[in-house]
Protein chains: 2
Amino acid sequence: MTKAKSRAAQADLPLNQILAGDCIAQMNALPENSVDLIFADPPYNLQLKGELHRPDNSKVDAVDDAWDQFDSFAAYDAFTRDWLAAARRILKPNGAIWVIGSYHNVFRMGAELQNQGFWIMNDVVWRKSNPMPNFRGKRFTNAHETLIWASKSENAKPTFNYEALKALNEGVQMRSDWVIPICTGGERLKDDMGNKAHPTQKPEALLHRVIIATTNPGDVILDPFFGTGTTGAVAKMLGRNYIGIEREEAYREAATKRLARTRKLDAEVLEVTTSKRAEPRVPFGQLVERGMLRPGEELVSQGNRYTAKVRADGTLIGKDIKGSIHQVGAQLEGAPSCNGWTYWHYKRDGKLVPIDALRQQIRDEMGGRIN
Amino acid sequence: MTKAKSRAAQADLPLNQILAGDCIAQMNALPENSVDLIFADPPYNLQLKGELHRPDNSKVDAVDDAWDQFDSFAAYDAFTRDWLAAARRILKPNGAIWVIGSYHNVFRMGAELQNQGFWIMNDVVWRKSNPMPNFRGKRFTNAHETLIWASKSENAKPTFNYEALKALNEGVQMRSDWVIPICTGGERLKDDMGNKAHPTQKPEALLHRVIIATTNPGDVILDPFFGTGTTGAVAKMLGRNYIGIEREEAYREAATKRLARTRKLDAEVLEVTTSKRAEPRVPFGQLVERGMLRPGEELVSQGNRYTAKVRADGTLIGKDIKGSIHQVGAQLEGAPSCNGWTYWHYKRDGKLVPIDALRQQIRDEMGGRIN
DNA sequence: GCAAAAAGTGAATCGTGAC
DNA sequence: CGTCACGATTCACTTTTTG
């Protein structure tokens with residue numbers, strides 16, 4: 001899709017609004033291939049029987065709302081099939097979907113995602129640092145929920161801000177298990193009576209990580225089970241557009257108030273650590289043209305094992321081998337591939353320096369401009 | 001079932017043996033309602049395409065065995081349906097089943113368990129302390145696998161040794177996420193050539209916890225995908241009976257040798273293994289995600305000399321400098337390194353507080369435990 | 001012989017853009 | 001659509017080799 005087309009598509013969308021009504025009907029009214037990310041926290045079909053009491057006989061405020069009741073697995077599966085199909089239609093080809101659930105429903109959602117052709121990128125465990133204990137001592141403390149991150153198809157290329165996630169995790173790549181506390185305290189929305197406004201409000205930290213990981217600023221994020229708007233609030237803060245769909249008026253009202261007092265962060269702090277791929281490509285030949293390396297100069301391989309000479313056209317010539325810095329490196333090492341930039345070194349003041357330092361010099365001169 | 005009847009049923013079983021052949025046929029040859037626990041680690045249907053190389057160009061030894069190949073989800077589902085039905089028939093009414101899988105197959109297994117009337121007690125996450133990283137930086141590190149613990153029916157009363165588990169976990173309820181290292185070192189079985197005897201050998205610590213939690217001494221534990229016999233070895237050590245079923249002769253041989261040298265443990269010794277302590281690592285980004293610091297908030301250096309702004313990905317941006325709390329601190333001070341946790345301060349109520357106080361707050365919440 | 005450095009490895013659905 | 005060249009990418013741990 002061209003940029004112009006993309007802008008036109010966005011203009012047709014009810015951006016940064018909460019749509020009332022059934023999410024399937026509302027999604028079907030939106031143009032196909034138009035949203036970048038879907039985050040869905042559907043009813044869990046909890047099947048709770050009877051009331052649950054703590055050891056001190058106080059009653060646990062269970063999720064027993066009408067919207068969480070389904071007559072059978074078949075009914076739940078039909079519901080899942082329908083809303084996932086509607087979500088699939090409006091998702092851009094390189095868009096992605098996140099769903100969250102517990103063991104009551106997540107296996108059925110995961111299987112249906114696969115059945116519809118979505119391609120699972122990861123399942124992610126939200127490991128709650130402060131879960132509700134198991135009061136009866138009959139099971140393990142249910143201390144996690146499961147998220148599934150899936151692209152629209154096997155060959156799609158969904159956004160993944162690898163370097164930003166690595167930065168969030170202080171330099172080591174982010175794992176599939178996330179430790180995040182449940183939503184409590186000031187973050188938890190209350191109604192006028194002081195009761196929680198929604199029984200399953202998700203923590204903003206969870207959405208923060210999802211949105212930083214798999215969207216870019218300006219993207220459109222749709223949440224078909226908007227509830228009290230955690231997805232919208234974090235999307236707004238992080239400079240993304242949201243579309244919420246919610247059936248219950250009370251939730252819409254709470255979400256509307258919440259979004260009104262949510263502020264977008266400055267662009268400067270929204271910018272995120274990027275990968276090398278995003279930087280402009282510098283052909284090796286440019287180093288020769290600019291005289292940073294002379295034709296005939298000798299380069300030394302990593303580990304000092306091999307040498308090769310620079311030719312005037314920016315190729316290398318080693319022992320019986322000619323080609324690009326990458327090709328010659330790969331052949332000498334008998335490797336399937338080789339990053340010539342880090343493999344080859346030149347001599348300056350008696351020291352060996354990777355030629356990548358010269359590339360960096362050129363990139364710095366360009367000052368972030370693309371070519 | 002009376003005790004006498006139960007003893008009679010056990011006498012008909014091929015206890016502490018490894019049966020050769022297809023697990024469905026072998027299970028169908030056993031009497032119904034006769035085993036206490038089934039632990040199943042079936043093929044995951046990984047659907048790997050090409051080769052994968054590490055950044056150092058070494059090749060990843062992938063699981064590409066014929067037994068993990070299925071033509072389609074439909075074929076895998078049929079396989080799952082059939083072996084689960086056979087397992088269900090031989091399980092005692094108050095027996096239980098554990099299955100383990102990854103996102104490739106676990107959603108389909110979980111849905112089929114529910115379809116057949118099994119009742120999920122918990123899904124349990126095995127969090128690997130040393131998983132294989134994601135080499136290309138395209139996804140989250142796949143750092144966990146999922147187990148499902150299910151009873152035969154909704155009203156069944158499966159064994160659950162709540163107090164023993166609590167003791168294993170230093171006095172607090174065992175949670176649904178377990179931190180256990182992958183199987184390496186001396187525990188990993190090798191063939192005569194020094195190659196791993198089985199590509200997916202599970203750690204004994206995992207089976208230890210499963211068996212302690214959901215069986216009693218003398219119980220019969222059946223593993224339809226026995227492999228090199230981890231289930232049998234831990235069952236024997238813990239004074240339980242096992243029945244293994246395995247198709248591949250090489251795996252049966254390795255398991256037979258292993259079981260011959262496995263000894264039942266003395267009753268007192270049993271409590272030793274598993275629990276691991278470590279001060280949890282808290283990445284700075286977590287403070288941002290959790291809203292303890294807002295993106296855009298200004299931090300002040302030790303000695304009030306410099307300021308920097310927090311970015312959404314948990315990096316800092318100062319004057320022309322971007323990077324982690326440690327990197328930016330070091331650059332500003334012209335030092336080779338810097339402990340950002342004590343160097344940077346945030347303002348609360350007019351006072352400057354080191355950000356390390358926030359890290360301590362998170363650690364206190366986690367209680368120092370990682371499992 | 002011992003300490004330090006280097007090499008090896010684990011259930012993995014692991015690339016992108018120009019032409 | 002396919003082909004081709006570029007060139008980006010790893011964590012925790014054990015085992016082996018080197019000094």
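A note on names: the letters A, B, ... follow the listed sequences, proteins ahead of strands, and every chain is numbered from 1.
- A salt bridge is absent between Glu187(B) and Lys202(B); no separation between the charged side-chain nitrogens and carboxylate oxygens falls under 4.0 Å.
- Across all strands, Asp68(B) comes closer than 4.0 Å to base atoms (heavy-atom distances).
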Every protein N/O within reach of nucleotides 16-19 of chain D N/O, cut-off under 3.5 Å:
none

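- The residue Pro203(B) sits apart from the nucleic acid: no heavy atom pair falls under 4.0 Å.
- Within the cation-pi definition used here (under 6.0 Å to the ring centroid, within 45° of the axis), Arg252(B) does not qualify as a partner of Phe226(B).
- The separation of dT10(D) from dG10(C), taken at their C1' atoms, amounts to 12 Å, rounded to a whole angstrom.
- Boundaries of the chain B contact region on DNA chain C are dT9(C) to dT16(C), first to last in 5' to 3' order (nucleotide atom under 4.0 Å from a heavy atom).
- Salt bridge Asp356(A)/Arg363(A): absent, no basic N to carboxylate O contact under 4.0 Å.
- Residue order along DNA chain C, read from the 5' end via each residue's closest nucleotide, puts Ser58(B) first among Arg139(B) and Ser58(B).
- Using a 4.5 Å heavy-atom cutoff, the side chains of Tyr76(B) and Tyr44(B) are not in contact.
- Checking the phosphate oxygens (OP1, OP2) of dC6(D), no side-chain nitrogen or oxygen of His326(A) falls inside 4.0 Å.
- With a cut-off of 3.5 Å on both pairing distances, the Watson-Crick and G-U wobble pairs of DNA chain D assemble into stems of 3 or more at C:2-10 with D:11-19, C:15-19 with D:2-6.
- A distance of about 27 Å separates the P atoms of dG7(D) and dT13(C), rounded to the whole Å.
- With DNA chain C read from its 5' end, the first of the two nearest nucleotides for Phe118(A) and Cys183(B) is the one closest to Cys183(B).
- By the rule that a glycosidic angle within 90° of 0 means syn, dT14(D) does not qualify and counts as anti.
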Validation: residues 303-311 of chain A side-chain donor-acceptor distances under 3.5 Å, sequence neighbours left out:
residue	atom	partner	partner atom	Å
Tyr306(A)	OH	Leu332(A)	O	3.4
Arg311(A)	NE	Thr315(A)	OG1	3.0
Arg311(A)	NH2	Thr315(A)	OG1	3.3

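- Checked against a 6.0 Å centroid threshold, the rings of Phe39(B) and Phe225(B) do not count as neighbours.
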>> As a quick check of understanding, evaluate side chain to side chain contact (heavy atoms under 4.5 Å, CB included) for Val125(B) and Leu147(B), giving each step before the final call.
In response: CA-CA 6 Å; Val125(B) 174; Leu147(B) 298 100; over 6 Å; no

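- Of the C1' atoms belonging to dT15(D) and dA11(C), the separation is 22 Å, rounded to the nearest Å.
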> For Arg127(A) and Asp177(A), what are the C-alpha separation, side-chain angles and deciding distance, and is it a salt bridge (charged side-chain N to carboxylate O under 4.0 Å, His left out)?
Replying inline: CA-CA 7 Å; Arg127(A) 197 244 188 201; Asp177(A) 54 327; over 6 Å; no

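- Looking at residues two or more places apart in sequence or on another chain, you find a side-chain hydrogen bond (donor to acceptor under 3.5 Å, both in side chains) between Gln360(A) and Asp364(A).
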>> Checking Ile100(B) against Trp126(B) for the side chain to side chain contact (heavy atoms under 4.5 Å, CB included) test, could you report, in this order, the C-alpha distance in whole Å, the side-chain angles of both residues, the deciding distance, and whether it holds?
In response: CA-CA 9 Å; Ile100(B) 181 168; Trp126(B) 167 26; 4.1 Å; yes

>> Between Thr214(A) and Trp98(A), is the side chain to side chain contact (heavy atoms under 4.5 Å, CB included) condition met? List the steps.
In response: CA-CA 10 Å; Thr214(A) 56; Trp98(A) 286 84; 3.0 Å; yes

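- At a threshold of 4.0 angstrom between heavy atoms, the contacts of Gly101(B) with the nucleic acid are absent.
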For nucleotides 8-14 of chain D, list the nitrogen or oxygen atoms of the protein found under 3.5 Å from its nitrogen or oxygen atoms, one pair per line.
residue	atom	partner	partner atom	Å
dA8(D)	OP1	Arg359(A)	NH1	3.3
dA8(D)	OP2	Asn339(A)	ND2	3.3
dA8(D)	OP2	Arg359(A)	NH2	2.7
dA8(D)	N6	Ser337(A)	OG	2.9
dT9(D)	OP1	Glu163(A)	OE2	3.4
dT9(D)	O2	Phe135(B)	O	3.4
dT10(D)	OP1	Tyr162(A)	OH	2.8
dT10(D)	OP1	Lys166(A)	NZ	2.6
dC11(D)	OP1	Gln173(A)	N	2.9
dC11(D)	O2	Pro131(B)	O	3.4

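- Using a 4.0 Å heavy-atom criterion, one finds that Asp41(B) contacts the bases of the nucleic acid, with or without backbone contacts as well.
- No contact: Ile325(A) has no heavy atom under 4.0 Å from any strand.
- For Trp344(A) and dG7(D), the CH2 to P distance is 16 Å, given to the nearest whole Å.
- By the 4.5 Å heavy-atom criterion applied to side chains, Pro181(B) and Lys128(B) are not counted as neighbours.
- Taking the centre and axis of the six-membered ring of Phe73(B), the NZ or CZ atom of Arg108(B) falls inside the cone set by 45° and 6.0 Å.
- With a 4.5 Å cut-off on side-chain heavy atoms, Arg188(B) and Ile182(B) do not count as touching.
- Nucleotides dC14(C) and dA12(D) are separated by 23 Å at their P atoms, to the nearest Å.
- Counting non-hydrogen atoms under 4.0 angstrom, Thr200(B) reaches a base of the nucleic acid.
- In this structure, Arg209(A) is positioned above the aromatic face of Trp178(A), its NZ or CZ under 6.0 Å from the six-membered ring centre and within 45° of the axis.
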